[in-house]
Amino acid sequence: MSFSVEPPDSTGPSGESRPTSSPLDVYRHSSAHLLAAAVTELYAGVQCGVGPPTEDGFFYDFLTERPFTLEDLAAIEKRMTEIVKQDRAIERRVFSKEEALALFTARGQTLKCELIREKAGDEVQCYAMGDFVDFCLGPHLPSSGCIKAFKLLSVAAAYWKGIEGNPQLQRIYGTSFFTSEDLERHLKRLDEARRRDHRRLGRDLDLFSISEDTGAGLILWHPKGAFIRTKIEDYWRDEHLKGGYDLIYTPHIAKLDLWKTSGHTEYYRANMYSPIEIENVEYQLKPMNCPFHIMILRSKPRSYRDLPIRYAELGTVYRFERSGVLHGLMRVRGFTQDDAHVFCRPDQLESELIRVLDFVTSILRTFGFEQYEIFLSTRPDKSSGTAEQWETATAALKHALEARDLRYAVDPGEGVFYGPKIDIKIKDCLDRAWQCSTIQVDFHNPQRFELEFIGEDGRAHSLVMVHRALLGSLERFFGVLIEHYAGAFPLWLAPVQAVVIPVSIRHAEYAHRVAADLRESGLRVDVDDRNEKMGYRIREAQLQKVPYMLIVGDREQEAGSVSARHRRRGDLGPMNPRELARRINHNVSERVVQEEPTASTGGVS
RNA sequence: GCCGGCGUAGCUCAGUGGUAGAGCAGCUGAUUCGUAAUCAGCAGGUCCUCGGUUCAAGUCCGAGCGCCGGCUCCA
């Protein structure tokens with residue numbers, strides 16, 4: 001198993017301080033300058049903000065009178081091409097602070113002046129590309145002519161310095177590569193991402209929907225989506241029972257007082273729905289499951305012999321999310337966490353964390369995810385507990401990561417209010433990272449709820465709890481799965497594993513007989529005997545990403561066989577239905593993710 | 001929430017203040033077909049909602065709701 005980690009870009013959009021180490025970063029940084037040069041030449045009075053390289057390209061922020069349109073983007077791109085042709089030298093220049101301020105003031109670049117005042121020392125380093133000059137640490141390419149392949153992609157608003165409340169600038173996103181082949185490949189990848197968009201596939205494959213009448217961010221799981229979810233949940237439950245967890249269920253609301261005790265009303269209120277009053281008592285729709293699990297633990301005294309206790313629940317929570325952040329299944333207002341809480345003695349903490357890490361990687365691998373980005377998030381500003389507790393908790397997480405030789409990056413101040421956490425972002429087949437798994441150490445809640453166990457010495461001791469979700473939320477995880485597989489789910493998850501297609505109406509009876517036999521062997525099989533041409537029905541099954549199409553006509557009826565067509569491998573030729581069922585069943589029980597390479601081996605995926 | 005864009009049939013989209021349109025999907029019929037779309041007919045509309053301007057609003061204006069791209073925030 002390999003792990004790759006890229007450090008989080010904690011410098012943010014004021015990214016002039018972002019280290020531009022890699023050659024491609026430098027190339028893209030110069031591309032951003034090229035963009036800014038073109039914009040300032042085309043539009044008088046435009047102010048420049050910042051323009052760093054990013055993981056996939058670059059952007060530059062501008063303060064403008066009116067927003068840029070797509071036509072503007074085309075014009076800017078044209079001017080950029082001209083500047084590249086001119087092959088302007090990119091020259092490093094050093095000014096005194098006074099000179100620099102005078103220069104940028106004269107050009108009406110007050111945002112740059114602000115940055116210079118904040119960031120520059122006595123000497124102000126700038127880079128010029130023709131008449132365009134930018135306050136910048138560099139380094140840069142020698143000349144604009146070095147930029148061979150670039151494209152502007154989109155325009156959107158961004159807060160000045162990334163601070164909400166600051167004026168919004170117009171951010172132009174673009175990308176550039178050393179060669180036009182690389183650029184083409186990247187643009188193809190963007191196309192591929194659009195093709196895999198879970199929102200489109202969710203509708204086309206009839207997996208889920210979101211209705212304006214129901215409410216934004218609230219998911220309606222259609223039968224096929226619900227089926228896949230059930231398969232995921234069944235697997236999840238089996239693994240948790242094997243893994244030493246106890247399964248529990250808890251309510252969706254609880255008295256507001258419970259959330260006061262847990263600290264949620266104090267630290268998490270912005271994400272909570274308003275309380276509901278019932279018989280003069282306020283109740284709160286749950287944003288998290290932990291207090292309920294705590295109540296179960298607290299329902300009777302616990303001995304050191306009982307620990308660790310691991311409670312797991314597919315718990316549905318509701319969080320208020322601002323309207324602009326909602327996004328298909330990825331960011332919703334009601335979601336089901338595959339949540340669990342491990343209650344243990346302090347001396348058990350590290351081994352429990354290691355156990356969770358092993359568990360999460362084994363579960364994720366089943367779904368075909370073997371590449372991760374791992375982050376250790378430390379104490380945020382708004383948090384509860386003592387410095388020692390945070391240190392102990394953070395160290396425990398760190399030791400667990402090191403024990404398993406997992407590379408990670410520290411994400412400062414990104415922990416939860418009650419403790420630090422490990423976030424695991426899974427990488428999909430397009431190399432995109434998705435935040436799913438989270439592992440959190442919590443001293444705060446045990447203290448708040450006075451969680452104790454009776455030790456060997458007969459006295460009460462405080463315990464520690466670990467919050468963890470492996471898939472994160474079933475909604476988001478499903479969205480990631482849809483995009484990862486482009487809707488072509490592996491056999492163990494596919495709602496329909498095979499469609500029997502009779503060549504003509506006189507083969508319909510045989511088709512239904514074959515389907516019935518296959519269902520008898522445990523397969524999920526439909527018959528498409530509609531009055532349409534075979535090609536039409538094959539096309540439809542292909543578009544629905546059904547793994548197998550089983551064509552039956554005179555030849556098959558005669559021989560008692562089917563002609564199998566695989567969604568990816570195409571025509572596999574005649575097969576014995578029982579043999580096919582045996583292979584599919586084997587594939588399902590092994591939860592095979594990768595399709596086997598060739599038809600000739602008789603492989604089935 | 002903020003900035004920008006968008007909202008017309010189930011889906012993708014035309015529609016320039018004056019009679020609401022196409023393709024696909026759906027339904028009906030014909031066709032009985034060998035590995036990604038057979039042909040014909042029919043039906044389908046609160047032009048997102050509310051308010052305003054106008055003789056007249058899908059079209060112009062305002063507010064709200066939702067969606068899209070970002071920012072910010074996050075499982």
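So you know, we letter chains A, B, ... as the sequences are listed, proteins then strands, and number each from 1.
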Task: A/D197/A/R194 ion pair, N-O < 4.0 Å - done: no
Task: Nearest to side-chain heavy atoms of A/L543, which nucleotide of B/U12, B/A75, B/A36 - done: B/A36
Open item on the list: If stacking means aromatic ring centre less than 5.5 angstrom from the base's six-membered ring centre, planes under 30°, is A/F335 stacked on B/A75?
Closed with: yes
TODO: For RNA chain B, find the residues of residues 191-200 of chain A with a heavy-atom distance under 4.0 Å and give them by number; none if there aren't any.
DONE: A/R199
Open item on the list: Counting only side-chain nitrogens and oxygens, does A/Y318 get under 4.0 Å of the OP1 or OP2 atom of B/A75?
Closed with: no
- [ ] With heavy atoms under 4.0 Å as the rule, sort A/D423 into base, sugar-phosphate or nothing.
- [x] nothing
Task: Closest to side chain of A/Y536, choosing from B/U38, B/G69, B/C11 - done: B/U38
TODO: Can you tell me, in whole Å, how much space there is between the P of B/C60 and that of B/G17?
DONE: 8 Å
- [ ] Indicate whether the side chain of A/D423 and that of A/T438 have a donor and an acceptor atom separated by less than 3.5 Å.
- [x] yes
- [ ] Verify the contact: side-chain N or O of A/R565 to OP1 or OP2 of B/A36, cut-off strictly under 4.0 Å; return yes or no.
- [x] yes
Task: Integer angstrom distance from the P of B/G69 to that of B/G51 - done: 32 Å
Task: Any A/Y173 side-chain N or O less than 4.0 Å from OP1/OP2 of B/C71 - done: yes
Task: Distance test, side-chain N/O of A/R506 to OP1/OP2 of B/C33, below 4.0 Å - done: yes
- [ ] Could you check whether A/A469 gets within reach of a base, just the sugar-phosphate, or nothing at all, counting any heavy atom under 4.0 Å?
- [x] nothing
Open item on the list: With rounding to the closest Å, how many angstrom separate the C1' atoms on B/A57 and B/C48?
Closed with: 16 Å
- [ ] Tell me whether the OP1 or OP2 atom of B/C74 has a side-chain N or O from A/R476 closer than 4.0 Å.
- [x] no
TODO: With heavy atoms under 4.0 Å as the rule, sort A/S437 into base, sugar-phosphate or nothing.
DONE: nothing
Open item on the list: Taking any heavy-atom pair under 4.0 Å as a contact, classify A/V155: base, sugar-phosphate, or nothing.
Closed with: nothing
Open item on the list: Can a donor-acceptor pair be found, under 3.5 Å and without considering hydrogens, that links the side chain of A/R229 to the backbone of A/F478?
Closed with: no
Task: Nearest listed nucleotide, side chain of A/V325, among B/U38, B/U72, B/A37 - done: B/U72
Open item on the list: Please determine whether a side-chain nitrogen or oxygen atom of A/S323 lies at a distance below 4.0 Å from atom OP1 or OP2 of B/G1.
Closed with: yes
Open item on the list: Any salt bridge linking A/E414 with A/R379? Criterion: basic side-chain nitrogen under 4.0 Å from a carboxylate oxygen.
Closed with: no
